[in-house]
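Below: one structure, written as structure tokens.
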Amino acid sequence: MCSVLQSTECDCSTQGLQTYEDVKEYYGKFLKNSKDLKTNACVAPSRQLPKHIRDALKDVHEDVSSRYYGCGLVVPECLETCSILDLGSGSGRDCYMLSKLVGQKGHVTGIDMTDEQVEVSKKYIDYHMQKFGFQPANVDFVQGYIENLHAVQIKDKCYDVIISNCVINLSPDKRAVLKEAYRVLKDGGEMYFSDVYSNRPVSEELKKNKILWGECLSGALCWKELVQISEEIGFSPPRLVTSSFITVDNKELEEILSDYSFVSATYRLFKLPQGKAKEKWQVIYNGGITGCEEELQFDANFTFKEGEVVKVDEELGAILKNSRFADEFLFRPCEKGDLSSKCQPKREIIRDPFQLAQKARNQHQAPNSGSCCGPKGCC
């Protein structure tokens, strides 16, 4: 377990501190449950949840679930025995769900800056541990700022997985959040997070709108900014998992937003060991991951079916080979000069969340398309 200490320290500018206070007020005092939201930014649907995750969610106390404001699916695969950090854990819904999935040998820590949310999350630790049959508790919560994990004494290379659910857009310093996440992840670790993204950089004037910031819109990064910042910090290129358009069912806010568009998207970032050689591989998924026995939808571009040979490029090969997924695949090197179809596949790589959201919308609207919730789930 990583060391954490309660703290409220943060080395932020005056403007940043005001942003914190505005967010605390919005989420701690104004919002009582998800029905108080003015947009669907924090309730936008993601892909269909596997049964074991749905079952875990059913065990979460109603008081905790009712104060959930997430914007997507933040449950990566292969979590047994993992140590997980939830950035902006809110009422603790995702933490309690994950604490059941990692098991007694795993551990989950939630960090949030809002007094009211942390109070709710801590209140139900005993309830969930008794329900799961875990002793000692494998979950804890700390009050603090996700831009400054040093202040709560979270050590370097401490976590296998970091999740975040519609929180980074609320931060006045996104680069600091990602930099701290990179620091506390172990080599081979992953940051798996849902957030809101804009089709173009948000204006300074729009960022001053407290309601739109609290609704996760005016603080959103342009998706291209995420790609740039994450790679500058050292992460592997972001891998897009799901994306869906956000609707604003409020005429006043629609007029303010004008021609801005927003999506709720899930990305995965990996911290790969430095100096490792990258190679092209043929990989075969062994079907050993809970909830993904028949196929593993790794991202919007790659789905691995049990026993099927799939060619992956150097980037994805390095991720699979150097992360917790290494034992779930058989790796066969692609020989230089191999021109077979298995080593020279042609596929479209989607990185733009707006492109993926539009593709999903078109499929859903197509005649006789049926439900979008097929084997790959919903976007």
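Quick caveat: nothing in here was measured; it's all calculated off a predicted structure.
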### Query
Within a reach of under 6.0 Å around NZ of K179, are more than 12 heavy atoms found that belong to other residues, nucleotides or ligands?
no

### Query
With a 3.5 Å cut-off and no angle check, do the side chains of D140 and T109 form a donor-acceptor pair?
yes

### Query
Between K207 and E204, does at least one N-O distance fall below 4.0 Å, as a salt bridge requires?
yes

### Message
Testing the basics here: between N209 and S218, what is the closest heavy-atom pair and its distance to 0.1 Å?
### Response
O-OG, 3.6 Å

### Message
Could you check whether E190 pairs with R324 (Lys NZ or Arg NE/NH1/NH2 to Asp/Glu carboxylate O, under 4.0 Å)?
### Response
yes

### Query
For the side-chain contact (heavy atoms from CB on, under 4.5 Å) test, which of I162, V241, I168, T266 pairs with F193?
I168

### Query
Q228 side chain to E225 main-chain N or O, any donor-acceptor pair under 3.5 Å?
no

### Task
Please examine the side chains of C222 and N199, heavy atoms only from C-beta on, and report whether any two atoms are closer than 4.5 Å.
no

### Evaluation steps, side chain to side chain contact (heavy atoms under 4.5 Å, CB included), between S236 and I319
CA-CA 8 Å; S236 60; I319 289 172; 4.0 Å; yes

### Message
With a 6.0 Å cut-off on the ring centroids, do F304 and F325 count as close?
### Response
no

#### Entry: Polar contact flag, side-chain donor to acceptor under 3.5 angstrom, N362-Q358
yes

### Message
If I compare all heavy atoms of D160 with all of L185, which pair ends up nearest, and what's the gap?
### Response
O-CD2, 3.9 Å

### Task
Using the ring pair (Phe, Tyr, Trp, His ring centres under 6.0 Å) rule, collect all pairs that involve residues 162-182, keeping only residues at least two apart or in two chains.
Y182-F235

#### Entry: D115 and Q143: CA distance, side-chain angles, deciding distance, side-chain hydrogen bond (donor to acceptor under 3.5 Å, both in side chains) verdict
CA-CA 7 Å; D115 295 344; Q143 184 178 2; 2.2 Å; yes

### Query
Are there more than 12 heavy atoms of other residues, nucleotides or ligands under 6.0 Å from atom CD of E314?
yes

### Task
Without swapping roles, check the side chain of K157 against the backbone of D187 for a donor-acceptor pair under 3.5 Å.
no

### Any donor-acceptor N or O pair under 3.5 Å, side chains R183, H150
yes

### Query
Do you know which two heavy atoms are closest between V120 and D63, and how far apart they sit?
CG1-O, 4.4 Å

### E80 atom CD, over 12 foreign heavy atoms within 6.0 Å
yes

### Task
Indicate whether the side chain of D112 and that of T114 have a donor and an acceptor atom separated by less than 3.5 Å.
yes

### Message
My understanding is that only residues two or more places apart in sequence, or in another chain, count here; which of them pass side-chain contact (heavy atoms from CB on, under 4.5 Å) with F331?
### Response
W281, V283, L320, K321, F329

## Note on the structure
Result for side-chain contact (heavy atoms from CB on, under 4.5 Å) between Y127 and one of K131, M129, Q130, K123 points to K131

### Task
Could you pull out the closest heavy-atom pair between C78 and C82, with the gap in Å?
O-SG, 3.8 Å

### Query
Can we say R175 and E232 salt-bridge, meaning some charged N sits less than 4.0 Å from an Asp/Glu carboxylate O?
yes

### Query
Between CZ of F132 and NZ of K100, what distance do you get to the nearest 0.5 Å?
6.0 Å

